[in-house]
Student: 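Structure in structure tokens, see below.
Both backbone and side-chain heavy atoms feed into the values below; hydrogens, waters and symmetry mates do not.
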Amino acid sequence: RQSSIAMPDPAGEEGIYYLFTMEEAEFDSRGPIPGQPLGRGLSYFIIDMNLNGGLGGVRLADQRVYVPAYEALDATPMADGSGYWVVCHTNDPDDAKFIVTPLTAAGVGSPVEYPVSRVLGKIEISPNGLLLLNDDKLYAFDNESGAIASDPTDIPGISTQAASFTPDSRYL
């Protein structure tokens with residue numbers, strides 16, 4: 001599964017990148033973690049490659065976006081090219097939802113929840129940003145608004161751990 005993803009600063013600042021990270025589902029396998037009962041969830045860092053003589057460094061560290069969220073992460077450019085949609089899920093059978101967070105020149109925006117019947121494992125967004133695959137369900141994704149359709153197409157028997165879209169997004 002994908003635990004991190006990075007993209008250049010939508011504001012266009014040279015050498016600046018946003019790094020999004022995810023908590024693993026087994027984060028507390030050795031017992032509770034003080035101060036993080038639900039883990040770190042979706043978090044971000046701002047990486048500045050201009051620091052340390054061009055070797056880079058962290059400008060802003062470990063900013064929580066959404067907790068709890070575990071082990072599923074993908075991103076796609078916004079339709080107008082102004083930023084990115086960062087998508088994760090709760091990995092919770094009792095409270096299944098996708099979380100979509102905008103990243104624009106203004107920075108990381110507020111996450112929006114999209115309740116669904118089930119989420120599980122890896123998220124795969126098509127290269128054209130119009131489809132989202134999770135478990136054995138294919139959702140329409142609106143890369144203008146970041147909305148995820150609530151009426152997915154079932155694709156029984158598919159393994160989302162191995163499935164991917166063709167580069168032209170025509171086939172899964």
Side-chain angles (χ1 to χ4, degrees), residues 1-25 27 35-92 95-116 119 121-134 138-152 164-165 167 169:
R1 300 199 181 126
Q2 189 157 352
S3 61
S4 65
I5 194 164
M7 62 271 308
D9 179 13
E13 188 175 349
E14 189 67 32
I16 305 301
Y17 296 87
Y18 280 79
L19 172 65
F20 288 85
T21 63
M22 290 298 303
E23 183 68 82
E24 65 179 343
F27 77 98
Q36 295 180 11
L38 300 174
R40 293 177 44 241
L42 176 65
S43 301
Y44 76 94
F45 299 72
I46 297 178
I47 309 300
D48 186 343
M49 293 306 297
N50 304 304
L51 297 175
N52 299 318
L55 295 175
V58 178
R59 180 189 284 182
L60 184 65
D62 206 16
Q63 301 298 299
R64 303 289 189 275
V65 177
Y66 192 92
V67 176
Y70 309 98
E71 292 195 5
L73 177 65
D74 206 352
T76 189
M78 293 177 170
D80 64 4
S82 65
Y84 302 91
W85 300 110
V86 178
V87 182
C88 65
H89 67 57
T90 57
N91 203 31
D92 183 345
D95 189 22
K97 57 185 116 175
F98 289 108
I99 295 87
V100 179
T101 305
L103 171 62
T104 64
V108 177
S110 297
V112 177
E113 298 175 344
Y114 291 92
V116 291
V119 291
K122 180 179 131 179
I123 294 172
E124 179 86 17
I125 299 175
S126 62
N128 67 4
L130 300 177
L131 298 169
L132 182 150
L133 177 68
N134 179 253
L138 188 63
Y139 297 84
F141 184 80
D142 184 342
N143 65 355
E144 288 184 25
S145 68
I148 298 173
S150 59
D151 58 341
S164 64
F165 292 93
S169 300

Student: Can you name the nearest heavy-atom pair linking W85 to N143, along with the distance?
Tutor: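 That would be NE1-O, 2.9 Å.
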Student: Side chains of M22 and L42, heavy atoms from C-beta outward: is any pair under 4.5 Å?
Tutor: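 The answer is yes, as the side chains (C-beta and beyond) meet within the 4.5 Å cut-off.
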Student: Say you draw a straight line from CD1 of I99 to OH of Y66; how long is it, rounded to the nearest 0.5 Å?
Tutor: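 Taking CD1 in I99 and OH in Y66, the distance rounds to 4.5 Å.
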Student: What are the two closest heavy atoms between K97 and P115, and how far apart are they?
Tutor: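 Of all heavy-atom pairs spanning K97 and P115, the closest is CB-CA, 3.7 Å.
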Student: When rounded to the nearest 0.5 angstrom, what distance separates CG in L133 from CZ in F165?
Tutor: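 Separation between the atoms: 5.5 Å.
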Student: Do V65 and Q63 have side chains that approach each other closer than 4.5 Å (heavy atoms only, starting at C-beta)?
Tutor: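 Sidechains of Q63 and V65: no contact.
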Student: Tell me, please, which residues at least two apart from Y18 pass ring-ring contact (aromatic ring centres under 6.0 Å, His included).
Tutor: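 Counting only residues at least two positions away or on another chain, Y18 forms a ring-ring contact (aromatic ring centres under 6.0 Å, His included) with Y44.
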Student: At their closest point, which heavy atom of S82 faces which heavy atom of P10, and how far apart are they?
Tutor: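 Taking every non-hydrogen atom into account, O-CB, 3.6 Å.
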Student: Taking the side chain as every heavy atom from C-beta outward, state whether F20 and V108 have any atom pair closer than 4.5 Å.
Tutor: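 Sidechains of V108 and F20: in contact.
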Student: Does R59 use its side chain to pair, donor to acceptor, with the backbone of G57 at less than 3.5 Å?
Tutor: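 Looks like no, no N/O pair under 3.5 Å.
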Student: If you compare all heavy atoms of T101 against all heavy atoms of P111, which two are closest, and at what distance to 0.1 Å?
Tutor: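 For T101 versus P111, the nearest heavy atoms are OG1-CB, 3.4 Å.
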Student: What's the shortest heavy-atom distance between P167 and P127, and which atoms?
Tutor: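 Closest pair (atom of P167, atom of P127, distance): O-CB, 3.5 Å.
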Student: Aromatic ring centroids of Y139 and Y114 under 6.0 Å?
Tutor: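 Distance test on ring centres: not under 6.0 Å, no.
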Student: Looking at T90 and D95, would you say the former's side chain and the latter's main chain have a donor-acceptor pair under 3.5 Å?
Tutor: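 Flag set: sc T90 to bb D95 pair under 3.5 Å.
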Student: Between atom CD1 of I123 and atom CD1 of I148, what is the distance when rounded to the nearest 0.5 Å?
Tutor: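 That separation rounds to 7.0 Å.
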Student: So if I apply the side-chain contact (heavy atoms from CB on, under 4.5 Å) rule between I46 and each of D9, L60, V58, which one comes out positive?
Tutor: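 Output: one option passes, namely L60.
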Student: Where do A79 and E144 come nearest, in terms of heavy atoms and distance?
Tutor: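 Between these two residues, the closest heavy atoms are CB-CG, 3.4 Å.
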Student: Within this structure, what is the NE2-CG distance for the pair H89 and N134, rounded to the nearest 0.5 Å?
Tutor: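 Here the interatomic distance stands at 4.5 Å.
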Student: How long is the straight-line distance from OH of Y17 back to CE of M7, given to the nearest 0.5 Å?
Tutor: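 Answer rounded to 0.5 Å: 12.0 Å.
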Student: Hey, could you give me the CG/OG1 distance between L130 and T76, rounded to the nearest 0.5 Å?
Tutor: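 The OG1 atom of T76 is 8.0 Å from CG of L130, to the nearest 0.5 Å.
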Student: Using modelled atom types and a 3.5 Å cut-off, is there a donor and acceptor pairing between side-chain atoms of N50 and backbone atoms of E14?
Tutor: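 It does hold such a pair.
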Student: Check whether any side-chain heavy atom of I125 lies under 4.5 Å from a side-chain heavy atom of L131, and answer yes or no.
Tutor: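 Heavy-atom side-chain distance check fails, nothing below 4.5 Å.
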